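Report on the structure given below.
Order of the sequence lines sets the chain letters (A, B, ...), proteins ahead of strands, with each chain counted from 1. As the structure is a prediction and not an experimental result, all values here were calculated from the model.
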2 protein chains.
Amino acid sequence: MRILLVEDDTILGAAVRDHISADGHSTDWVTRLDEAGEHLAAVPYDLVLLDLMLPDGRGIGFLRGMRARGDVTPVIILTALDQISDRIEGLNAGADDYLTKPFDLAELSARLAAVARRYCGNPNPLVELGELQIDLATRGIWRAGKRIDLTAREWALFEALLQHPGQVLSKGQLEDRLYAFGAEVESNTIEVHVSRLRKKLGARVIETMRGLGYRLGDGR
Amino acid sequence: MRILLVEDDTILGAAVRDHISADGHSTDWVTRLDEAGEHLAAVPYDLVLLDLMLPDGRGIGFLRGMRARGDVTPVIILTALDQISDRIEGLNAGADDYLTKPFDLAELSARLAAVARRYCGNPNPLVELGELQIDLATRGIWRAGKRIDLTAREWALFEALLQHPGQVLSKGQLEDRLYAFGAEVESNTIEVHVSRLRKKLGARVIETMRGLGYRLGDGR
DNA sequence: ACCCTCCTGTCAGCCTGCTGTCAGGATCGG
DNA sequence: CCGATCCTGACAGCAGGCTGACAGGAGGGT
């Protein structure tokens, strides 16, 4: 997933970015709300991690602005204030979830995944696709009872397809999702990863729409 | 919304039931998992509020069972255990959200509303044309329930017709639309693509106006 | 500090199937 | 019945996709 991190604390920010990246997500990290606004306008993010206390304003107003513009990108708010009133205010402003500092990085991973699943309409972490059984929560895949391991990039790509079943995703869209600013790539990387996924999961799992992009197979 | 409340604490249960009823939802309240299972099988609920600690077993297993059966009813879990591991376990098992006791009833309302909002989001609008169903956003076409794949050019041509229903488009207009400057074409390409589209979608989908051009059929 | 392993981007050569072209037949209008 | 227009099967060229090989680098273990 492509994630926008809005956090002014450099230590926490770096830790969060590194952790998320290790999960295979691509992260753009900004420290101010005006930067956040510019990024949001330019890139289709899958999720926003928003600190509520920032040097150039309160995040809650920023969030309200997003929702008022009709932006439905999932938002998880980060707050140091362990108060119910703050949680409620955040949720009513349109946040999808919140984390109270200090938070466990493992919990962050679970929340990210859970919010993303809910957002795309299917909170069920267990998915069946042909002879594959997939657990989105634990990132496990079984094929005929045998476990298959994916690397971070492979999982990120597969997850993108799983979250849009039946929909064609262009190579450009997939690259946007896999690579953050400054980490763009210029070769047939996506094709290569698709090829590796097919070798592990079976050729039918990913269908090619020549000239258009890729699509999740229908399991047959 | 029709809500199933699974909670063994009679005081808390009554308070929750009264509160969400006041919000205008109808509530069925059970205190044990086996009852919950029976209700779920009999009634199509919009949402389940599930306490994780119940006299006849742990709710988390119940939730996993639901998801394993393919039940996608939204579930909000209630837990007295304010532990990270429990929240993560719940979300990973397929919960849509959670509340930690003691929780504020206003927060409960906010969460209910948030979950409900997510589920009323209707999917992409489908255009119907005779026996065809067309999803313009995802470029999907179904004919009698079966998916039909179009190539890039075919879709471009079909889209042009779809955007001008009832209007006659000349071959010149269609060529202008399909081919950029410098890529013009000099043969009966349009005729050929129309033929291919008819073979895939049915002959009546595109009507020929002899000497004038083509027009989208009216579905009969 | 060193080695080892595995991930991942890059490239080149092969292969697939989309697409334009053509020709012969079909259909329509007059 | 004739000419114009359209339909459609066949086919070849080529852009786009596939995949095996390889190297740089990050990470882990000793």
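Contact check, Y179(A) against dG9(C): a side-chain N or O comes under 4.0 Å of OP1 or OP2. OP1 or OP2 of dG20(D) has not a single side-chain nitrogen or oxygen of S195(A) nearer than 4.0 Å. At the phosphate of dC7(C), neither OP1 nor OP2 sits under 4.0 Å from any side-chain N or O atom of R153(A). One finds no side-chain N or O of T151(A) lying less than 4.0 angstrom from the OP1 or OP2 phosphate oxygen of dC6(C). Residue T189(A) has no polar side-chain atom (N or O) positioned under 4.0 Å from OP1 or OP2 of dT8(C). The phosphate of dT5(D) (OP1 or OP2) has no side-chain N or O of T208(B) nearer than 4.0 angstrom. For Y214(B) and dC7(D), the shortest distance from a side-chain N or O to OP1 or OP2 is below 4.0 Å. In this structure, H193(A) reaches the dG9(C) phosphate: one of its side-chain N or O atoms is under 4.0 Å from OP1 or OP2.
Note: CG (L150(B)) to P (dG17(C)) measures 17 Å, nearest angstrom. What separates CZ of F158(A) from C1' of dC7(C) is a distance of 19 Å, to the nearest Å. To the nearest angstrom, P of dC7(D) lies 16 Å from CZ of R204(B). A straight line from CG of L197(A) to P of dG9(C) spans 13 Å, rounded to a whole angstrom. Protein atom CD of E154(B) is 10 Å distant from nucleotide atom P of dG20(C), rounded to whole Å. The distance between atom CZ of R196(B) and atom P of dT21(C), rounded to the nearest whole Å, is 12 Å. One can place CD of E191(A) at 12 Å from P of dT10(C), the figure rounded to the nearest angstrom. Atom CE of M209(A) and atom P of dT19(C) are 11 Å apart (whole Å).
Considering only residues two or more places apart in sequence or on other chains, Y214(B) meets the side-chain hydrogen bond (donor to acceptor under 3.5 Å, both in side chains) condition with none of them. For the side-chain hydrogen bond (donor to acceptor under 3.5 Å, both in side chains) test, residues two or more places apart in sequence or in another chain that qualify with E131(A) are R143(A).
Note on the helix from dA1(C)-dT30(D) to dG30(C)-dC1(D): terminal axis deviation equals 40°, with five pairs used at each end and the result rounded to 10°.
Note on V192(A): a base of the nucleic acid sits closer than 4.0 angstrom, heavy atoms only.
For H193(A) and F158(A), the distance between ring centers is not under 6.0 angstrom.
A donor-acceptor contact closer than 3.5 angstrom links the side chains of Q163(B) and R177(B). Counting only N and O atoms by type, the side chains of D18(A) and S21(A) include no donor and acceptor under 3.5 Å apart. A donor-acceptor pair shorter than 3.5 Å can be found between the side chains of R198(A) and T208(A).
Between I20(A) and H25(A) the shortest side-chain heavy-atom distance falls below 4.5 Å.
When each of K199(B) and K171(B) is assigned the nucleotide of DNA chain D bearing its nearest heavy atom, the one mapping closer to the 5' terminus is K171(B).
Across dC18(D), dA15(D), dG9(C), the shortest atom-to-atom separation from the side chain of R210(A) is found for dA15(D).
Tested against Y45(A) for a side chain to side chain donor-acceptor pair (under 3.5 Å), the candidates D28(A), T73(A), D71(A) yield a single pass: D28(A).
Residue side chain N188(B) reaches the base of dT8(D) through a donor-acceptor N/O pair under 3.5 Å, judged by distance alone.
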